[in-house]
Amino acid sequence: MSDDAANKARDYRDTLFLPQTDFPMRAGLPKKEPQILERWAEMNLYRRLREEAKDRKPFVLHDGPPYANGHLHMGHALNKVLKDIVVRSRQMGGFDANYVPGWDCHGLPIEWKVEEAFRGQGRKKADVPPSEFRTACREYAQKWVGIQSDEFRRLGIEGDWDDPYTTMAYDAEATICAEFMKFAASGQVYRGSKPVMWSPVEQTALAEAEIEYHEHTSTTIWVRFGFREAPKGLEGAEVVIWTTTPWTIPGNRAVCYGPGLSYGLYEIQEVRGDLDFDPWTKPGQRLVLADALADEVKAAGFVERWRRVEDVPTAKLKGAVLDHPLKGFAGGYEFAVPLLSGDHVTDDAGTGFVHTAPSHGQEDYFVWIEHGLSLENVPYTVDETGAYTDEAPGFTGERVFVTEGKKTGRDGGANKAVVAELLKRDALLARGRLAHSYPHSWRSKAPVLYRNTPQWFIRMGRVGDGGLRDKALKAISETAFYPASGQNRIRTMVEGRPDWLVSRQRAWGVPITLFVGKDGEPLVDEAVNRRILKAIRERGADAWFDTDKSVFLGDAHDPADYEKVEDILDVWFDSGSTHAFVVENRKDLTWPADLYLEGSDQHRGWFQSSLLEACGTRGRAPYEAVLTHGFVLDPQGRKMSKSLGNVLLPEEITRKYGADILRIWAASADYSEDMRIGDEIIGSAVDAYRKLRNTLRYLLAALDGYDAGEAVPYGELPDLEAYVLHRLNAVDAEVRAAYEAYDFKAAWRALTEFASQDLSAFHFDVRKDTLYCDAPASKERRAARFVMHETFERLVRWLAPICPFTAEEAFLVRHPEEAESGSVHLQLFLDTDENWRDDALAARWSRIRAVRRVVTGALEVERREKRIGASLEAAVLVHASDPETRKALAKHDLAELFITSGAAVTEGTAPAEAFRLSEVPDVAVEVRKAPGRKCARCWKVLEEVRPPEELCARCHEVVEA
RNA sequence: GGGCCGGUAGCUCAGCCGGUUAGAGCGCACGCCUGAUAAGCGUGAGGUCGGAAGUUCGAGUCUUCCUCGGCCCA
C-alpha cells in the first residue's frame, strides 16, 4: 500500500465543523407559501402588526379599488405587490403602515353581467324590478370581492382582509351621497345638457364601450346656406355643407370652417346637360368651398364648368352669419346661424364647411361651448325613441330610425322629410348615398344616434377664477409624484378637461340624491339631506329609489314643487370619494393619505377623480404623494390580449414558481415604464431567487448552533470581518434609501449584488477554511460567525418586503424560539452601528480585491495548462510596484484571502511572463505549485505536513483538542 | 392627429452636472472543485447605447427630426 492510499484511508471529515441546516436548498414555494399563509392567519399577523406599531407614526397607503369583476390579471398583481412592498418596508422602517384594501363595486360592467344572467333566465332587464336588479348586482360584486380577496392574499399581500372597504357598503354609499351634497350645497353642481350616444331601440344612453362599429348606408346631402348679411364680395354667394345625417338639419345652429384651410368663391357657368334629369345646381350660383374639395363638389353637383372667382380668406368668414336653410318653414327656423372657426374641420371630405348641431355631436357641442354660446339655445330635437319633438318644428313625430319590428334600425321618416323640405326650399345642391362605418349598439345591433339630454355637471371653472380647476392645480403642485413626470401629465389634463359630467342613466350605482325645484336649481336643505343620508345609511342606495319624495322633503317643502333626480352618479365619483369614507372615516387611518399608487392610466382616472372630489370639498388633495407604474406587456412589448394569445396570469406563476418569484419580478423591474413578463424573464427571477436562497442557506448552515456569546468586540475583529461590517453599513444605507424612495429595483440590486459578490463569492469562500477547520473557540472562527450573524439578521429583513415568504421561512429556521408566534414581519430594519463605517478600510479592501482578481486570473492560466486544479495546489507571488498596494496587502494572510496554500508580496520587477490585468496596472502575479504535502484535513499544501498523520500544524492542534 | 413617457449586452438594470478602451447581476460557453453539491468558485464571449442630422475640442448623456412601443385623449 502506498502512502497516498494510506492518506485516503484516514478520513478527517468528522473532525470538521461543517455547516448544517434544515433550510432546504429547493424551496418548493407553490406548496410552502400556502402553509406560511395559514400560519400568518392563525397567529393573526395583521392584528399583531397593528398592535406592535400602535404608537408609531402612521403611514397610510390608500388602496385604489380594483373593479369587483373577474379574476386577477397581471396588472392587478403588479399593483398590489408594489403596494405591499411599500407597506412592508414602511412598517419595518418604523411606521405603522396600515393597509386597508378595497373594491369598486358599482357600474356598467357588473350591470351587463347581471343583465346577461337575467337574460339567461329569459328575463329582460325591463321586466326585472329595479330593486331586484340592484340586489343581483350587489351579490355579483360580493362574489368577486371574495374571489379577488383570496387571489390577492395568495400573493402575500398583507392588509385588513377581514374588514376591507367597498363602494357598495351602505355606509360608503351614504358618504358618497353626502360628498355630492357638499358639491351641490356649495353651488358647484349644475344641470346642463350634452349630446350622448343614445340607442332609440333600447331607449337608453350608451357608454363608449357599449358601441360597436358596423357598415351603414347613409343618405348624404350637400346643403346651401345663404348669408344673412353677406360679407363684402360674397353678395349672393352661399356656403355649402355636407352631411351624412340629414335628420340633424333641424338641429343645426352653426356652420364651422377650418381656420387653416384655403377657401375660394366658385361661380357655376354650366351644368351637365347629358343627364336624364335636371341637376339642382344652376348656372350663376356662387358657392364658397374649400379649394381642396371643390372638385368633389363640382362632380357631386353635376357641374360642367365653373370659374373660381377669387380667394375667400377665412378672415372674411369670421363673424359672418348665415340663414338656416329651413328659414320660413313652420315658423321655427328664423334664428341666425353663425360661422364658427373650428380646428376639427378638415379638407379630407365634404366641403370644408361643417354643419354643426350641438345636440347631435360631440365636436359640435364642444365647438359651441368653446365659442361661449349658451346651451339654452341648444334644442332637444329628438326624444328617447328618436322621434322629432316639437323643437323640430314641422317634423314632429318623424323618427330617425325604425325602432320596432322587422325593419328595426332602418331609416325612419326623418331623413326623407327633411330632404323633401330642403328640396322644396331649393336649399339642396346634391344628394347621395354613402356606406361607412357607423356606431351601433352592441346589444341590439341597431344604429345609434347622438341626442341631447339633460345631465348633471360639476363646474371646473376657468384658470385664474379660484374655482375647482384652480384648487386642483394648486393641489397638484403641492403633491410629490413618482416618477416626477406624472405631475406634468395630470396638470395638463386638469388644465384642459371639461366640466365633470357626473350623471348616468343607469341602475347600479349611487343615486344623485337631489331634488330639483321649479327653477331648475337643486334644493339645498340640511334637514332634507339628513333624512336622505339616514335612510341610505340604513338601507343602502335603494332607499332613495324606494322612498316617496314627500318622506324626504318633509313638511317644509311641497312635493309637487320638486322633481326627484333618478340618475345615478358616475362611478368615478364613487371611487373619488374613497378618501372620505375610508381614509377619513376609519379610525385606523389618517387623512390625507401619504401615498396613492396606481397604474399610469389613473392620471385620468382615480388620481384625478379623488383630487377633484377632495379639492371641491376640502380644498386640497387627499394624498401627499402619487406613485404610478406602467403596464404589463408580453416579452415583445405588446399588450396582453386574448386575441394575441399572449396572456400570462399571476395564478400560473404562483402555481408553477411561487408568489415570491412574481414579487421578485415586480421588484426588480423598472415600474416607471411598462414592464415585460414572460418565461425567460420569470426564469431570471427564478435564477436570482435560487442564488439568494442559497446565500441565506449558507448563512443558516454556518450559524448552526451559534450563540450570542460567540460575539467578538468590533475592535478585535479581523480586518476582513471589519470590512464586511463596513459593507453591511453601506448596503443598509443603500437599501433603506431605496425603499424610502420607492426604488425597489435599487433595493433588490443592492441586496442581491451584496449577497452574491460580497458574501457568496468572497466572504464565505475565504472563510470556509476558518469555519470548517478552525477550533470552534478560535477567535477568527467566532469573529466570522459573529459577522455572519449580523449579516443574516440584516439580509433577511431587507429581503422581507420583497420575498415575505422566503424571508419568513429563513427567519424561523434561524429563530426557532419564534416558531410559536414570531415573524420576520414584526421586526424592524436593524440599526447599523455607524462605527462600522470605515472608508479608509474599504479603500484598502478595494485594492486587495483588485489584486485578488489578478491572482484568480493567474490561477486560471495555470488551470488551463493543467498545472493545477484546486487553487490550494498553488502558491502565488504578487509583484506590487505601488507602495499603497503593498501597504494594503500587508498584515493579511494573503494565502487565506486568495485560497491558495502560499502567498507572498514583493516589490521587485516582475518577469515578463508574470500574469497581469490591464485594469490593475501595478500588479503582476506568478504562480507556482505549492511545495509540500496536502493536509488530509484542510487540503492546504504545506511543507509542514508529514506522514503518517498527514496534517498541518493547525489541524493537528484542532484534532488533538 | 394631440398630451405624456420610453427604446443601453440574450434578460433585468447602472451610467451623477456631456470627458479616457460603456458597467453590474443573471443567463450562455469553457474550466475548476466535490466538505454550500439539482450547490459553490473562476475565466470568457456578447453592445455601431432604436435611426438620422446638429451643437461641441468631445454625446449613451444636450437639440431637432424620424422610427418603434406604451398610457391617456381626439
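Naming: A, B, ... by sequence-line order, numbering from 1 per chain. What you see is a predicted model; the values in this text were computed from it and never measured. The figures that follow rest on heavy atoms only: side chains count, while hydrogens, waters and symmetry mates do not.
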Exercise. Would you tell me whether A:Asp758 and A:His763 have side-chain atoms, one donor and one acceptor, within less than 3.5 Å of each other?
Key: no
Quiz item: Can a donor-acceptor pair be found between the side chains of A:Thr15 and A:Arg937 at a distance below 3.5 Å?
Solution: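 Yes, a side-chain donor-acceptor pair sits under 3.5 Å.
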So what's [N] paired with, Watson-Crick or G-U wobble, going by both distances under 3.5 Å?
N      : answer
B:rG47 : none
B:rG18 : none
B:rC71 : B:rG3
B:rA52 : B:rU64
B:rG42 : B:rC30
B:rG23 : B:rC13
B:rU37 : none

Find the distance [X]:[atom1] to [N]:[atom2] and express it as a whole number of Å.
X        : N      : atom1 : atom2 : result
A:Arg690 : B:rA38 : CZ    : C1'   : 8 Å
A:Arg853 : B:rG42 : CZ    : P     : 11 Å
A:Tyr689 : B:rA38 : OH    : C1'   : 15 Å
A:Glu673 : B:rU12 : CD    : P     : 11 Å
A:Gln608 : B:rG3  : CD    : C1'   : 13 Å
A:Leu692 : B:rG40 : CG    : P     : 11 Å
A:Leu917 : B:rG42 : CG    : P     : 14 Å
A:Leu759 : B:rC41 : CG    : P     : 11 Å

Quiz item: B:rG47: syn or anti, with syn meaning chi within 90° of zero?
Solution: anti
Quiz item: Do A:Tyr772 and A:Phe17 have their ring centres less than 6.0 Å from each other?
Solution: no
Exercise. Establish, yes or no, whether a centroid distance under 6.0 Å links the rings of A:Trp500 and A:Phe573.
Key: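 Yes; A:Phe573 has its ring centre under 6.0 Å from that of A:Trp500.
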Quiz item: Where the side chain of A:Tyr657 meets the backbone of A:Gly683, is there a donor-acceptor pair that is under 3.5 Å apart?
Solution: no
Quiz item: Does the A:Ser610 side chain pair with the main chain of A:Phe607, one donor and one acceptor, at a distance under 3.5 Å?
Solution: no
Self-check item: Carboxylate-amine/guanidinium proximity below 4.0 Å for A:Arg676 and A:Asp634
Solution: no
Practice problem: Answer yes or no: is there an ion pair linking A:Arg863 with A:Glu860, defined by an N-O contact shorter than 4.0 Å? | Solution: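 Counted as a salt bridge, because a side-chain N and a carboxylate O are separated by less than 4.0 Å.
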Quiz prompt | Per-nucleotide protein contact string for nucleotides 66-74 of chain B (B base, S sugar-phosphate only, - none; heavy atom under 4.0 Å) | solution = ---SSBSS-
Quiz item: Could you run down nucleotides 25-35 of chain B 5' to 3' and tag each one B, S or - for protein heavy-atom contact under 4.0 Å?
Solution: SSS--BSSSSB
Could you work out the separation of [N] and [M] based on their [atom1] atoms and round it to a whole Å?
N      : M      : atom1 : value
B:rU8  : B:rC13 : C1'   : 10 Å
B:rA9  : B:rG60 : C1'   : 14 Å
B:rG10 : B:rA29 : C1'   : 13 Å
B:rG50 : B:rG7  : P     : 7 Å
B:rC73 : B:rU56 : P     : 43 Å
B:rG6  : B:rG15 : P     : 13 Å
B:rU21 : B:rG2  : P     : 40 Å
B:rA52 : B:rC68 : P     : 16 Å

Quiz item: Within 45 degrees of the axis of the six-membered ring of A:Phe23 and under 6.0 Å from its centre: does A:Arg693 put its NZ or CZ there?
Solution: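 Yes - A:Arg693 lies over the ring of A:Phe23, closer than 6.0 Å to its centre and within 45° of its axis.
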Practice problem: Kindly confirm or rule out a cation-pi arrangement of A:Arg849 over A:Phe762, judged by NZ or CZ under 6.0 Å from the six-membered ring centre and within 45° of its axis? | Solution: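 Yes - A:Arg849 lies over the ring of A:Phe762, closer than 6.0 Å to its centre and within 45° of its axis.
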Practice problem: Scan A:Ala761 against the nucleic acid and name what it touches under 4.0 Å (heavy atoms): base, sugar-phosphate only, or nothing. | Solution: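 Here A:Ala761 touches the backbone only, sparing every base.
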Quiz item: Base, sugar-phosphate alone, or nothing: which one does A:Asn694 contact when heavy atoms must sit under 4.0 Å apart?
Solution: base
Quiz item: How close do A:Ser756 and A:Lys691 get, heavy atom to heavy atom, and via which atoms?
Solution: CB-CE, 3.7 Å
Exercise. Would you kindly compare A:Ser485 and A:Lys745 by the position of their nearest RNA chain B nucleotide and give the one closer to the 5′ end?
Key: A:Ser485
Exercise. Please state whether the base of B:rA36 and the side chain of A:Thr21 form at least one donor-acceptor pair under 3.5 Å?
Key: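 Under the 3.5 Å cut-off, the side chain and the base do not form any donor-acceptor pair.
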